[in-house]
Structures are given as C-alpha cells and as structure tokens.
Chemist: 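Shown below is the structure under consideration.
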Amino acid sequence: MKTSKLSLRLLWYITPLVILPLLFLGGFTLSNVTNSTQQQAELVVGRFVEQQQQKILNYINIYQSTTKLLSSSPVLNDFMALSGAESDVYTSRLSALLDVFASYSEAYPDIVSIDLLSPNGESIAYYSSELSELPSEYPFFQRLQNSNVRQQYFISPAGEQTAKLYFVQQIYGIDYQLKRPQRQGYVVLKVDPSLISTSILEAPFDHTLNLIFNQEGLILFSSDANLRGLYLQNDEMTRVQKQSEQTKLAAAMFPSIDEMERMIYSIQLANGYYYISTIPKSLLYESGRIISLITALIIIFSVFALPFLIFVVVRGLLLSPIELLGEASHKVGDGDLEVYLPAHNKDEIGILFTDFNHMVGQIRDTQIELKGFKEHLEEKVETRTRALEEMNQQLALAITQAEQANQLKSRFLANMSHEIRTPLTAIMGFTEQLIQNPSSASNEQYLGTILRNSKHLLELINNILDLSKIEAEKLAVEKTKMNVVALVRDIEAIVAPMASEKLLTFEIFYDLPIPKYLYSDVTRLKQILLNITSNAVKFTEIGGITFTVKFNEISACFEFIVRDTGIGMSSAEIERVFKPFEQADSTTTRRFGGTGLGLCISKNLAQLLGGDVSVYSKQGAGSEFVVTVAGNYENKPYELLAKIEEEQAPLDVNTELSAMKLDAKILLAEDNPDNQMLVKLLLEAWGLTPDIVNNGAEAVEAALVNDYHLILMDMQMPVMGGLEATQMLRHAAYDGPIVALTANVMKQDIDTYLAAGCDATLAKPIDKRLLGEVLVEYLQLQENNESRWDALLQSEKFKQISENYRSKLPEQLELLNQYYLEHEWESLRALAHSLKGSSGCFGFMNIHEAAGQLEQSLKERNAERWHYNHLLLIEAIKYTLSMPAEKLN
C-alpha cells in the first residue's frame, strides 16, 4: 500500500507540535533549576543558621542569668561585707561561699570554675569542678576594667582545645561616704560551651563548614578542628560583616581557609562575635547540574523518538482502518451497498466497521447519536473537573490548617515552657535561699515571693484546664442567685489595690436602675471580670480604669464595661486578641508577660453564660471591653435598685471563730504528711487541735469511737478512700458533718461526694478563708445540735431504738462463742469492732470498752489475753441484758 497524503500531513503537524513544547519546557527547566537550587539552599542554610543562633543565644542567656543570680547571693554579699573581720569569721564565710559555688557547679555541669576577683584582678575565692589550678590572669581583664557594663561574656581561645566561654558580673556596693555605688569585684564563670561545640558540628549539608570568630578574625569554634586558632584576613572580615547585614546566601572566597569558592551565610552575635556557615559552591549546585543534564538528555531523546512513535501508533490504530473505511465509503457513495469490511479487533474501529456493514442506511441517525455522546462526554469532563478543583481547594485548606495547628502547638509549648519555668525558677531559687539562710532578715519577703509565684502557677494550670474543658465541651456552668453589687465589690476589692500600686485610678459606675440579683455561675463570672479588669491594669501605665454596670431590659442581660487609658490595639491586633495563645503582638509577652489564654477563656465562658465579650480599641488611646451575660430571669419578676447602699464591713472569719469559743474536736483524714502539717497549722491558728488519721479505714474507726464535731475527709487515700469511708459512716448512722478535701473540683466530682454523704467540699490547695467559713458554719451548727442532744436521748423514739438494739445482743453473744470455739479470729475481731462502735452510739459503755480491748488484743495477736477479754465482753453483754430497761436509760 502506498503512503497516503494523510500520513504525510499527520507527520508534518505532529513533529512541531511535539518538539516545540518539549524545547520550551526543557529550556525553562534548565534556566530555573539553578535558581531553585540556590533558593532552596538559602532557605535551608538560613533556617539552620537562625536556629543555631537562637540555641547559642539561649545558652548564653541561661548562664548570664545564672551569673547574675550568683552575684546577688546573700552568702556572697555577706562575704563581700567583711572588713577587717577575724580570721575564723573570714574562714567560715569563705567556706560557705565555696559551698554556694559548688552547688551552682553541680546544678550546671558545664560550669568549669567560679572565681571571685577583686577590683584589681586578684582572686578572692576560687572553685573548680575539674580541680584545675587558678589562672594567673584573664586575657579579657583589661577590657573588663575599662568597661562599665555590669554583665558581659567573653570567648577565649584555648590552644588546640575547644575555646572557653567566660561570663562576668560586676559586683557593686554602696559607699556611704561618697553616696554612690562602689565596684567591689567581679564574679567570673568559666563554662565549657558544650552546646556551642555541638551546634558547630551540626550541618544542613555534607561538607558544610561552620565557624565562630571574634571581630579580630580569630576563629574560636570550627567544625574543622584544624582551623581553630587561625585568623581571617581583613578583607575577609569586611566581606563577612557586610554579608551578616544582608542575611542571605552569597558566594565568597576565603584564602585563609582554602582556595575554594564557597557559598556563605553569616550572622552577627552579641559582643562582636560572628557565626557563618559555608559550603563549597561546586557541591551545593552539583545536584542542579545533574538534574540539568538528565533533563537535557530526556528532551533530546523525546524530540527524536516521540514524533516517530506517535506516527507509528496513530497509523496502526487509526490511519490504516480509515483508509479502508474511505475506500468503502467511496464505493457506497458510488451506490455499492454490497461493500463488506473485514473483521477487526473488538475496539471502536471494529464496532465502526460492524455498524458500517449493517447500518449504512442509518448514517444520519448515527451522526446525531455521536453528537449527543460528545456533548454528554463534555458535561462529564466538566463535572469531573469541578470536583477535582473542589478537592484541590479542600486539600490546600487542610494543609493550611495542619501548618497552623503545628505552629500553634509550637507556640503553645514555648509559651507554656516559659510561663511554667518562670515561677518555678523563683520558687526553687528563693526556697534554696531559705534553706541556706534560715534566719535571714529577708525570709518573709522570700516567702511572699514563693507564695505569689505558686498562686501564679496554679492560675496558669487552671487556665489550661479551663480551656481544655471548653474545647472538649465538658465545662458545666451553674445558675445560682448572686447579688450584683456584692459581685462588683468583690472585683473592686481585688483590682483596686492592683491599680493603686501603679498609681492608677479605679472607679465604679452603676447605670441605675439595675436588678439587685442575677442568676448565673458566680465563679465563672468573677473569673471573666477579674481577667479583663486585671488586664486593664496590666496594660495601663498612666490614667485609670472605669468599671460600669448596665442592664438591658429588652434582652434581660447585664453589661459590664471596662475602659482603660492603656496602650490600646490596632484593628489587626483586635482580630487576634481572642484567639488562644495569642497576644496583641510579639512584644506584648516580653513586656507584660502572660500566656494569651485569658481573653480566649473569658470569651468562651461568657458565651456559655448566655452572652459574649467584645472590644473597642484604638492604638495608644486605650481599650473598652464589654462583657455581656444573661440574667436568666426566665420571665420571673426582679427587684430594681434605685440607689447603691453603703458597703458594710464583712465579719472576719477569724474574729467570728474566736468569738464562738467552742471546745471542738476535729478529725482530719489525710495520708500526705505535708498536707497534715498544713491543715494542723491552719486549725491551730484558731485554737483547734485535730486528731489525724492516715486513711479511710482509720477514719471510720476513729469516728465511731470518738465524738467529733467535724470530719475533714481527703477523698483519695490508700487502704480505703474518703468516698468509701464517708459511705460507710453514713451507713453506720453517723450524722456529724463531713467535709470533703479534694483536688477534683469538677461539678460531677462534687455531686458524687455530696451523694456519698459529704456535707460540703474544700478544694486543694486549701484556702484559709474558705476553711474558716466551713468551721464557722459547721461548728456553730454542731454546737446547736449538742443543745438538743440530751433531749434526743430522753425521747421515746431513741429508747425504742436502743431497746431494739439490746434485743439483738443474744445473737451477738452466740456469734462470739461460736467464733471463739472455732478459732475464727479474724471474724471475731470484726465482730468486736462492730460491737465497739455500735454499743458506744447507744450508751452501753461497758460493752464498748470490753469490745475495744478484745479487738485490740486480736489485732496485736496477744493470744495470752484473748480468753480473758472474750470472757470480759461476754459478761458485759450478759450484765446489759440483765439490767431493766429503765435503769439503762
């Protein structure tokens, strides 16, 4: 068969259509591969250098803080205060100072030595963890004497070894004659820079060279140990300094190192030190050249092979059958309907041949059907295209959300690490000072600092837990009746002193009339208002804060408006202020502190209370927060206040307890010795000395034997928990007040404790004021109950119950004999314990005492007294049964 014109034309059109796009794509790829490789390398190296810089800065900040903390040590101050003291005093204080040096060295393993220098550089006290000799001089001391900066650090070369890092803190004292600070000396910490050495050895690529050098060009740290101690040339230093200002990857030569062209990334550290990361340019772009070569080969192969392959495939699948079909069509056009096309593969061409053979007369209908099929196919392609576009959008959104979640997690971990470590550092540091100086005059201040930081830490943990409960939708709110004015005065009592400390005004306004009461969760509402008002005080330096209370009768909602004259916010900052772990900008945390949780929690809580929190602010002109909460009157009438009455001073709990003068017996069930000591101290402050037991089983035994006015019951204890102990006491007819001590203060937990028989709950950590309120309520109640106890004992109902109990004593007597004869000692001890508790409740003290002696002897396994105590209990029961009922009562 001769070559058809269609084949030639097809080859003519296919060749440029394939070759031209391939050439364009290849050229574009080749021109961009180097640029992409450079951008990727710059991004990787830039991130690496910034991470290493942050590591080094954090490392330096830690030891600068340590040096500063050491210089403020009371032991050091006492030692520096010596002036002409006796030798034994000097020796004692020097020994104490060296102990402090040793404790810091143990706490920070990288500290090699600690040296206390006089103003002229003489060593006064020296400690080395490696037992190294005292250096004759420090190479940086001349610079140190000429500088007035109190805190500095220096990196000094150490020959073939790793350079050493020195942190120096100048110590000043007061010259009372000149009335100005007088330099007393220096504290010098020599640190083995392990983290810096490790960071230098890390590398984003193979053959990477990392260097740290000073402003003179001396290489102090290097990933290549052979380069330590070398100097860079002046023009190399100039190039590095310029490069550190541009903060991007650039090509440079370092003849002092080698003759290889390198790509460098440089940043400047503090105190004139530089950090650079370099990689040979040929190695960095080697992968790009390989990609370019492979791309070129693929393009060349495709240019020659693809047109030929396309032509062969198209000709075999399409052109040859078309030629046959054309010949048949020509015959049909000539009227030859007897044309028969040979059998073909079972594909579209075969179907077309079959249709042509059997449906020549229906050509027009076939064309219409083909057109409809084409339109339907285009519709399906369009639908599928839209679906793919939507899927791509969803995928992009999911990627963005994942990146945001990852950033949020990182920011959360950083914030929480800082916020938790900050109070813990103060608590540990001042506790250490209290241990080392138990009689120091500053101990009260130290204790106040420890308490303040402990409360801050507790508040932080509560915020995190609140946010977790809110996000899990497990935070329950209550609707209790509360006095609006009393609520506002509670806020004022807390916030007004805070404002006064900063010389700010704090004013409260009532937009009368307002209802006297509202129904909401008082704890959560206080949490919202305290958070927002304390924020207003925090972010205000000049002026004051106003707190306005309004009531919207249409919506039956309260509005609490807090205005301040503080720093204010921009519109972009307002959009972020209610997001978790967000603050107005990155400087807010550094300047004012905080986790960024408060406003997020406040807004969520306000929404749970049927309202919301909104903000109106202008940068530099203050802010206005509006807290809206529902009154929850539910179509009930409410009393409106036309004026605000003067506040009456609340009765102090301590005064009320002192005035009661109760000789109260209190039982404390607590397994933690520290908590036992704390509660005992709190109660002894009010003249009450509690009996202490270590678990629920002991609490049940003590409560049934003794007559306590109040039981403070921990809920989680070994052997038997407080919940089981409370249930057992209530089943044993114990009706005294029981107050649960627990750290689980969620609503479902409190409901569980109350259902088990507890009268109230006290949260841990224990608040002294709340403990006092519990004592006032339940000790007074118990005192009133005792006034009616004698009348109860003489009542007919009690006599009937007592007689019923006495009627069951013969059964108990038989069990006593049975257990004793069968040697069932554990059952006998349990029966004796039961008789001891129950008989005491009904006044049968002879049985109570005899049963107690038998139980004790069985518990102590004192077999010599078992027979005697058994007979004693039997005789006590027989005597009680023989006595007339009227004499027993």
Chemist: If I take atom OG from residue Ser222 and atom CG from residue Asn210, how far apart are they, to the nearest 0.5 angstrom?
Modeler: 8.0 Å
Chemist: Of all residues at least two apart in sequence or in a different chain, which pass the ring-ring contact (aromatic ring centres under 6.0 Å, His included) check with Tyr108?
Modeler: Tyr63
Chemist: In a check of side-chain hydrogen bond (donor to acceptor under 3.5 Å, both in side chains) between Gln170 and each of Gln145, Arg150, Arg183, Gln184, which one passes?
Modeler: Arg183
Chemist: Counting only heavy atoms from other residues, nucleotides and ligands, does the tally under 6.0 Å from CG of Leu395 exceed 12?
Modeler: yes
Chemist: Could you pull out all residues at least two apart from Tyr138 that satisfy ring-ring contact (aromatic ring centres under 6.0 Å, His included)?
Modeler: Phe140, Tyr166
Chemist: Compute the ring centroids of Phe221 and Phe213, then answer whether they are less than 6.0 Å apart.
Modeler: no
Chemist: Apply side-chain hydrogen bond (donor to acceptor under 3.5 Å, both in side chains) to the pair Tyr104 and Glu106, showing each step before the final yes or no.
Modeler: CA-CA 5 Å; Tyr104 274 81; Glu106 292 176 358; over 6 Å; no
Chemist: Taking all non-hydrogen atoms of both residues, which atom of Asn214 and which atom of Leu218 are closest, and how far apart?
Modeler: OD1-N, 2.9 Å
Chemist: Using the ring-ring contact (aromatic ring centres under 6.0 Å, His included) criterion, which residues pair with Phe101? Sequence neighbours excluded.
Modeler: none
Chemist: Other residues, nucleotides and ligands only: do more than 12 of their heavy atoms fall within 6.0 Å of CG on Asp235?
Modeler: yes
Chemist: Measuring from Asn77:CG to Ser72:OG, what's the distance to the nearest 0.5 Å?
Modeler: 7.0 Å
Chemist: Is it true that a side-chain atom of Thr565 and a backbone atom of Ile545 form a donor plus acceptor pair closer than 3.5 Å?
Modeler: no
